[in-house]
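Residues take their numbers from the sequence shown, with the count starting at 1. Start at 1 and go down the list; that is how both ligands and their atoms are numbered. In this text the structure is predicted, and so the values were computed from the model without any measurement.
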Amino acid sequence: MNIAVIGTGYVGLVTGACFAEFGLKVACVDKDKKKIAHLLHGKIPIYEPGLEEIVRRNMQRGFLRFSSDIDESIRNSLTIFIAVGTPSKADGSADLSYVDEVAEAIARNLNGYKVIVTKSTVPVGTGERIRRTILKTLANMPEDRRSTNLFDVVSNPEFLREGSAVEDFLHPDRIVIGADSEQAVAILKDLYSPLYLGGKTRFVITDMRTSELIKYATNAYLATKVTFINEIANLCDRVGSNVLTIAQALGMDGRISPKFLNPGPGYGGSCFPKDTRALCKIAEEAGYDFGVLKAVVEVNERQPKMMVEKIKQATKGVRGKTIGLLGLSFKPNTDDTRESPAIAIARELRRAGAKVKAFDPAVAEPVRKELRGVTICPDVHSAAKGADALVIATEWNQFRNLDLPKLKKLLKTPLLIDLRNIYQPARVREAGIEYVGMGQR
Ligand code: UDX
């Protein structure tokens with residue numbers, strides 16, 4: 001069974017490579033010819049553990065190919081996954097122009113029954129919009145070029161996380177399939193059969209509109225959970241309680257679960273910020289005031305500023321001071337800086353008159369332009385040298401075991417501000433370094 005995956009971003013590349021790993025013939029398609037040329041040489045544009053290996057292996061054994069010929073790839077496939085970008089428009093709603101383009105291309109190349117699957121996070125009603133676009137394009141085509149009008153549209157949202165995307169694809173908590181055709185559901189289940197043969201993977205089979213909302217509801221719920229614990233940490237700082245113990249106790253409650261309860265400088269990345277805003281917009285357009293989610297978006301936008309206030313307080317003002325910043329990506333194991341709170345903090349510190357020296361294990365060149373005025377350092381020690389404080393913004397593993405005595409010597413003022421709570425305060429203080437954490441003393 002041939003598959004075409006349109007769009008070679010995070011979701012598309014991981015989906016294509018993993019289906020090829022299952023032994024299916026996959027064509028990953030992108031209109032960006034330069035990107036395809038790089039991929040053909042085995043160059044993966046993103047930093048994702050395990051992905052390069054799967055891509056190489058499956059290219060070699062002929063299960064995975066890359067192409068910029070969307071027409072040919074559609075004609076040769078039974079199933080077409082749409083994994084193109086749905087960027088935020090200025091009003092927060094999702095821009096569907098790339099999805100529309102793909103739907104038109106599918107209509108032009110419909111040479112037999114096909115299943116069209118949305119993998120990108122798309123607003124409720126997008127599946128129906130794709131169906132309408134295909135039918136409209138078909139209706140405008142000369143009759144001799146139309147060989148069939150048989151197709152099904154399916155919503156099959158992806159829940160993968162950056163940094164563990166391959167692992168998440170191969171071990172999903174559930175697979176959601178939204179469709180109104182039994183045939184399409186059966187084809188999708190068949191594609192995923194290597195995952196459920198072990199009996200562990202659960203399916204949620206539903207209609208398209210419900211499936212589309214499941215993806216937003218999941219991300220919005222997790223973003224809310226992170227924001228909630230961030231607010232509890234901010235409160236702990238003010239009333240002297242310990243957020244770690246609170247999170248532990250919350251997590252012990254079976255109704256809550258211990259995951260996504262680590263306080264930090266705010267959620268970032270390519271999904272949570274975009275999807276929470278898009279869901280607010282979806283609600284607004286449906287005439288519903290989604291109060292909780294609006295507050296989550298607002299509180300999260302405030303969080304990096306709160307972190308800068310924390311830094312100002314600990315350093316007794318940052319104007320003219322030097323701040324060493326560890327981590328620029330929005331989370332560890334990725335070079336992605338989209339909506340990264342670390343970047344927001346660096347900018348805000350500059351605005352407040354501080355000199356910023358930053359180090360990130362994966363991010364360097366691309367952010368240089370974005371972070372004008374910030375010195376990008378080659379390692380932790382050069383970021384710390386002569387600084388009035390060292391701030392941990394992203395919890396990379398290599399920041400968990402820093403040489404504290406050496407840092408004490410390098411820092412102008414021995415002060416560690418740990419915005420991810422990866423250190424035990426006592427351990428840092430024993431090394432003669434003042435410690436400021438998140439909601440703990
Ligand atoms: C997320 C969803 O988890 C995934 O299912 C969806 O497909 C895409 O969006 P991702 O953006 O890769 O994945 O990152 P994730 O690991 O979920 O973290 C999101 C943000 O929340 C990060 O900025 C992270 O630092 C923050 N976070 C997460 C916390 O601050 N504390 C936590 O306890 C968990």
Which part of [X] is near ligand 1, with near meaning a heavy atom under 4.0 Å away: side chain, backbone, both or neither?
{"X": "L160", "result": "backbone"}
{"X": "R338", "result": "neither"}
{"X": "L261", "result": "backbone"}
{"X": "E339", "result": "neither"}
{"X": "E158", "result": "backbone"}

Salt bridge or not between [X] and [Y]? Use side-chain N to carboxylate O under 4.0 Å.
{"X": "K274", "Y": "E339", "result": "no"}
{"X": "E430", "Y": "R427", "result": "no"}
{"X": "K305", "Y": "E309", "result": "no"}
{"X": "D253", "Y": "R255", "result": "yes"}

Does the pair E212 and T126 meet the rule for a side-chain hydrogen bond (donor to acceptor under 3.5 Å, both in side chains), with working shown?
-> CA-CA 8 Å; E212 288 165 341; T126 302; 4.7 Å; no
Considering [options], which one's heavy-atom position lies nearest to [atom]?
{"atom": "atom 34 (C) of ligand 1", "options": "F260, F330, Y267", "value": "F260"}
{"atom": "atom 14 (O) of ligand 1", "options": "K274, K331, E162", "value": "K331"}
{"atom": "atom 24 (C) of ligand 1", "options": "R420, M438, E395", "value": "R420"}

Would you say R161 has any N or O atom under 3.5 Å from an N or O of ligand 1, going by distance alone?
-> no
Can you find an N or O of K215 that's nearer than 3.5 Å to an N or O of ligand 1?
-> yes
Considering the options D360, D335, I343, D336, which one meets the side-chain contact (heavy atoms from CB on, under 4.5 Å) requirement together with S329?
-> D360
[atom] [closest protein heavy-atom partner, distance rounded to 0.1 Å]:
{"atom": "atom 9 (O) of ligand 1", "answer": "C271 CB, 3.0 Å"}
{"atom": "atom 23 (O) of ligand 1", "answer": "G268 N, 2.8 Å"}
{"atom": "atom 5 (O) of ligand 1", "answer": "F159 O, 2.6 Å"}
{"atom": "atom 2 (C) of ligand 1", "answer": "F272 CE1, 3.6 Å"}
{"atom": "atom 33 (O) of ligand 1", "answer": "N262 N, 2.9 Å"}

Does G264 have a non-hydrogen atom less than 4.0 Å from ligand 1?
->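 Heavy atoms of G264 never come under 4.0 Å of ligand 1.
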Determine whether T413 and K321 make a side-chain contact, defined as any pair of heavy atoms from C-beta on separated by less than 4.5 Å.
->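 No - every pair of side-chain heavy atoms lies 4.5 Å or more apart.
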Using a 4.5 Å cut-off on heavy atoms from C-beta on, say whether the side chain of L328 contacts that of S340.
->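 Side-chain contact under 4.5 Å: no.
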Do S211 side-chain atoms and S155 backbone N/O form a donor-acceptor pair below 3.5 Å?
->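 Here the side-chain-to-backbone pair exists.
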On the 0 to 90° scale, with breaks at 30° and 60°, tag the Y192-F203 ring pair as parallel, tilted or perpendicular.
->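 Correct class here is perpendicular.
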F272 vs Y267 aromatic rings, parallel, tilted or perpendicular, using cut-offs 30° and 60°?
->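 Ring orientation of F272 relative to Y267: perpendicular.
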So the atoms of ligand 1 within less than 4.0 Å of a heavy atom of V226 turn out to be 27 (N), 28 (C), 29 (C), 30 (O), 31 (N), 32 (C), 34 (C)
